[in-house]
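Below is one structure, written out as structure tokens; comments come after it.
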2 protein chains.
Amino acid sequence: MKYVTIKDIAKALNVAVSTVSRAFNDKYDIKPETRDRILKKATEMGYRPNPIARKLVQQRSFNIGIIIPEFENSFFPQVIMGAQEVLHQHNYQVLIMQSNESVDLEIQNAKTLVDNMVDGLIISLSGVGDNLSYYKELTEKKMPLVFFNRVPENIETSKVVFDDYKWAFFATEHLIHQGFEDILFISGANELILSKNRRKGYDDAHKKHRIPAGKKITCGFSMKDGAEIAEKLISKNNIPRAILAANDACAIGMMRVFKDSGFKIPEDIAIVGFSETKMAAHISPTLTSVEQPTYEIGKAAAQLLLEQLQNKGIHIPQTIVLNGRLNVRESSVVLS
Amino acid sequence: MKYVTIKDIAKALNVAVSTVSRAFNDKYDIKPETRDRILKKATEMGYRPNPIARKLVQQRSFNIGIIIPEFENSFFPQVIMGAQEVLHQHNYQVLIMQSNESVDLEIQNAKTLVDNMVDGLIISLSGVGDNLSYYKELTEKKMPLVFFNRVPENIETSKVVFDDYKWAFFATEHLIHQGFEDILFISGANELILSKNRRKGYDDAHKKHRIPAGKKITCGFSMKDGAEIAEKLISKNNIPRAILAANDACAIGMMRVFKDSGFKIPEDIAIVGFSETKMAAHISPTLTSVEQPTYEIGKAAAQLLLEQLQNKGIHIPQTIVLNGRLNVRESSVVLS
DNA sequence: AACGTTTTCAGAAACGTTTCCGAAAATAAT
DNA sequence: ATTATTTTCGGAAACGTTTCTGAAAACGTT
């Protein structure tokens, strides 16, 4: 690849490179007509500014990195689209990296992005481990950071979260209203705030209705994880009456195993999922799920990041809590 | 952000920057003990090489750009994961951009990636328009390029495609075997080779069984597109006995509209999807679909790109055709 | 001990920009 | 017409690397 540079234009027009540079960037300090002359020649020669060189001298890139654990469920892609929309409006380009639910790959991704001088990072954790200390280091070095969805507990930075407490509470209450008392609670990694909050919602719903809380299990966020848990439950013959799952993928994984083993949903086991993937409304039976405002999560994260980018230096960590909705469908309703 | 540079190390150790650089890159030309001394100091100081500076001087980045039309269906994410796997093995980082099914955004993405000096590009088209002339330009400038899935017709470069002819043929034949004669064919944009091939497969299956071919419609690849087509068919009261859809999302969009309007699937309308998303096995009724080897598509694309990267200069365009499978499920089978 | 080789390193140029400084040119003020 | 002010531009340094050239140091050979 041969690129047209600022020097080529300067030579062609017999002006200094600094003048050409100014033609593109300065608002004053250059005569309008020479600016036009340069701009015209530039498009004529097919010039495109080299962002690499610019990054090097300006020490900033107008790039934002987004790191997500996976993108097989539509949840994260939707968040990204929300973030992309507001970031594009402010002339930031978005670089997406995917860490495959691996903490190690996540750190590696973060480091690559930082090495490439992204101006900020939007992250959803794959898990909790060494990564946190690295992120702490980054915040100390004033790298703008926003976490969403799967956020860490002890890092002082902006976060966008869902009101997990409230909706776990409502989802649990919904199951209780259906007459189920033995409700299995399944959540993601314990270190995630999200898990803690949902657990509390689950517990408080039980307290409110004076029912002893049921069993709790931690689990991953994929179909496979759900399937494994279901198999374990079946082999131990330890079948709950209802399940509040970590997310839809997990719920669907469990449903498949249960159905294959002859259990009827919701007649034998009722299930509620979390974070509403597109599948929920289409699988059979349709899956009751807590719907999250994915698009808005992305937008909010982007806006928090932009704030940090603008008043750089001082940054007051904010946490935006977004609301949701419980979509009641077949998987959790028994007609009596 | 304050970065530790090669200069800092040089100063700390009282050597020249070139020596430090050599410590990291050269195999000889440096005394092992000074190399060790430098390497030790470097990790001690937390040095990380600045890829931006390196890109600038080497005119290459070890970055590969992947551009996809959308990532709400799991198809493209899976392809990416396949590509990522082999690219990572060869020390390439992957930058993903998403063009939202917009040709304009796709060009913009491609240009950003090129400006950022990616060493190569893996692309699936959002559509056909001005983008093709830009890609032609790129190939003329020797930018390594690989298209997959939605590939253009007149560009001389490597491609990874699915055997659309064959599987459209089989899928059509499957419907004919079920006793359906009025089969509606739905494909993506006409300019895509994929559409042309499927159409031929569809036609030839009809010829083989001496049945006149049915109607053909072109359509987008999203649920919404499918839903719109279905609504149009219903309003015109022009309901086919069976449908071969452009992809699963399109099929599912149609199914929803038909079901909501009281049609029974497959009793009133049989449907076959394409490219097997995860949903196919989970929706109700389960969807017959042509399964594509997504992961392998990604791997193959990455390998073709690596080939171009290695023997740069001469590049013999190859087209890899991958095979698939027809997963027959409820949506296309009527028990007689 | 004198010379030729090889090994090891320092110095400087280069990549494509931006930006600082100061000089020339144009304009305004006297 | 002279000086002061502003506008417009050229030159050079800088960003953090790699890479080329050549010199010094170490070694071997006679």
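To find a chain, count down the sequence lines: A is the first, B the second, and so on, and within it residues start at 1.
Inter-residue side-chain proximity for B:L125 and B:N131 is flagged as met; some heavy-atom pair is nearer than 4.5 Å.
With the end axes of the helix from C:dA1-D:dT30 to C:dT30-D:dA1 each set by five pairs, the angle from one to the other reads 50° at 10° resolution.
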**Request:** Output, in order, the C-alpha distance, side-chain angles, deciding distance and verdict of salt bridge (charged side-chain N to carboxylate O under 4.0 Å, His left out) for A:K111 and A:E106.
**Result:** CA-CA 9 Å; A:K111 288 188 176 171; A:E106 182 189 307; over 6 Å; no

**Request:** For A:R150 and A:E101, run salt bridge (charged side-chain N to carboxylate O under 4.0 Å, His left out): C-alpha distance rounded to whole Å, both residues' side-chain angles, the deciding distance at 0.1 Å, then the answer.
**Result:** CA-CA 12 Å; A:R150 307 206 208 151; A:E101 299 284 4; 3.0 Å; yes

**Request:** Starting from the C-alpha separation in whole Å, work towards a yes-or-no answer on side chain to side chain contact (heavy atoms under 4.5 Å, CB included) for A:I64 and A:L309.
**Result:** CA-CA 11 Å; A:I64 299 298; A:L309 254 18; 3.9 Å; yes

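When only modelled atom types and interatomic distance are considered, B:S126 and B:S99 share a side-chain donor-acceptor pair under 3.5 Å. With 3.5 Å as the limit, one finds no donor-acceptor pair spanning the side chains of A:Y135 and A:E140.
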Quick one: side chains of residues 80-94 of chain A, donor-acceptor pairs under 3.5 Å with protein atoms, not counting sequence neighbours, listed by atom name and distance.
residue	atom	partner	partner atom	Å
A:E85	OE1	A:Y295	OH	2.5
A:H90	ND1	A:V86	O	3.0
A:Y92	OH	A:R60	NH2	3.1

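Using a 4.0 Å heavy-atom criterion, one finds that B:R48 contacts the sugar-phosphate atoms exclusively.
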Which atoms of nucleotides 18-23 of chain D (N or O only) lie under 3.5 Å from a protein N or O atom, and what are those distances?
residue	atom	partner	partner atom	Å
D:dT18	OP1	B:N25	ND2	3.1
D:dT18	OP1	B:R54	NE	3.2
D:dT18	OP1	B:R54	NH2	3.3
D:dT18	OP2	B:S21	OG	2.6
D:dT18	OP2	B:N25	ND2	3.1

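In the 5' to 3' direction, nucleotides of DNA chain C lying under 4.0 Å from heavy atoms of chain B begin and end at C:dT8 to C:dG16.
At whole-Å resolution of the value, CG in A:D36 and P in D:dT8 are 12 Å apart. Residue B:I30 contributes atom CD1, which lies 20 Å from atom P of D:dA24 at whole-angstrom precision.
Annotation: cation-pi pair A:K159/A:F148 absent, no NZ/CZ under 6.0 Å from the ring centroid and within 45° of its normal.
By the side-chain contact (heavy atoms from CB on, under 4.5 Å) test, B:D115 pairs with A:R48, A:P51, sequence neighbours left out. In this view, B:F221 satisfies the ring pair (Phe, Tyr, Trp, His ring centres under 6.0 Å) rule with no residue, not counting sequence neighbours.
Remark on DNA chain C: of its neighbouring residues A:N50 and B:N14, the 5'-side contact belongs to B:N14, judged by nearest-heavy-atom nucleotide.
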